[in-house]
Amino acid sequence: MESRDPIIDAHDFVNRTEVTSGASGDRELEKLFWMCDYAATVSTLELHELEMCGAVIKQLRLATFGGDFDEWIEWYGLNKEAEHEALEVGAEIRSCGQGDKP
C-alpha cells in the first residue's frame with residue numbers, strides 16, 4: 001500500500017488556529033465541515049485533524065443551528081450525499097494526471 005498525504009491536509013485547513021463566524025464565516029464553516037466529514041469517510045484522520053474537525057462541527061452547530069442537535073442532524077441527512085459527491089468529483093479532478101509528470 002502506498003503512502004499518501006492525509007486527505008485533510010490536501011484541503012489546506014488543518015493549520016487554522018481559529019474558526020470564524022458571520023455570513024462568510026458560516027459558509028466557510030460549512031465547507032470545512034463537509035471536507036472533514038468526507039475525509040473521515042474515506043480515510044483515517046490523524047489526532048490533530050480530529051481535533052480540528054471537532055472544533056469545526058461544534059462551531060457550525062452553534063453558529064448555524066443555535067446548538068440544536070436535531071436540526072443539525074436533519075440538515076446533515078438532507079445534504080450529505082450531494083456534498084460528498086461534489087467532494088469526490090473534486091478529488092478525482094485534482095488527482096487526474098498527477099502520476100504522469102516526469
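Because only heavy atoms are used, hydrogens play no part in the values below, and waters and symmetry mates are left out as well, while side chains stay in.
One finds the OG1 atom of T44 at 9.5 Å from the CG atom of L50 (value rounded to the nearest 0.5 Å). Note that CD of E28 and CD of Q59 are 12.5 Å apart. Values are rounded to the nearest 0.5 Å.
Across all their heavy atoms, L60 and D26 have their closest contact at CD1-O, 4.4 Å. In this structure, D37 and K80 approach most closely via the heavy-atom pair OD2-CE, 4.0 Å.
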Please determine whether side-chain contact (heavy atoms from CB on, under 4.5 Å) holds for the pair C53 and L45, giving the CA-CA distance in whole Å, both sets of side-chain angles, and the decisive distance to 0.1 Å.
CA-CA 10 Å; C53 288; L45 303 182; 4.3 Å; yes
Start with the C-alpha distance between E88 and E85, add both sets of side-chain angles, then the distance that settles side-chain contact (heavy atoms from CB on, under 4.5 Å), and finish with yes or no.
CA-CA 5 Å; E88 188 173 291; E85 187 175 301; 5.6 Å; no
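Each of V56 and L62 belongs to its own hydrophobic cluster when Ile, Leu, Val, Met, Phe, Trp and Tyr are linked at side-chain heavy-atom distances under 4.5 angstrom. Cluster membership for F65 and F69, using ILVMFWY side-chain heavy atoms within less than 4.5 angstrom, is shared. Side-chain heavy atoms closer than 4.5 Å link hydrophobic residues (I, L, V, M, F, W, Y) into clusters, and following such links, even through other members, never connects L47 to V42. Taking hydrophobic clusters as Ile, Leu, Val, Met, Phe, Trp and Tyr residues chained together by side-chain heavy-atom distances below 4.5 Å, W75 shares a cluster with L29.
In terms of the side-chain contact (heavy atoms from CB on, under 4.5 Å) criterion, residue partners of E83 (sequence neighbours excluded) are, by chain and number, E30, W34, N79.
Summarising the local packing, CD of E74 is surrounded by 12 or fewer heavy atoms from other residues, nucleotides or ligands at distances under 6.0 Å.
Aromatic ring orientation, W72 versus F33: perpendicular (interplanar angle above 60°, classes split at 30° and 60°).
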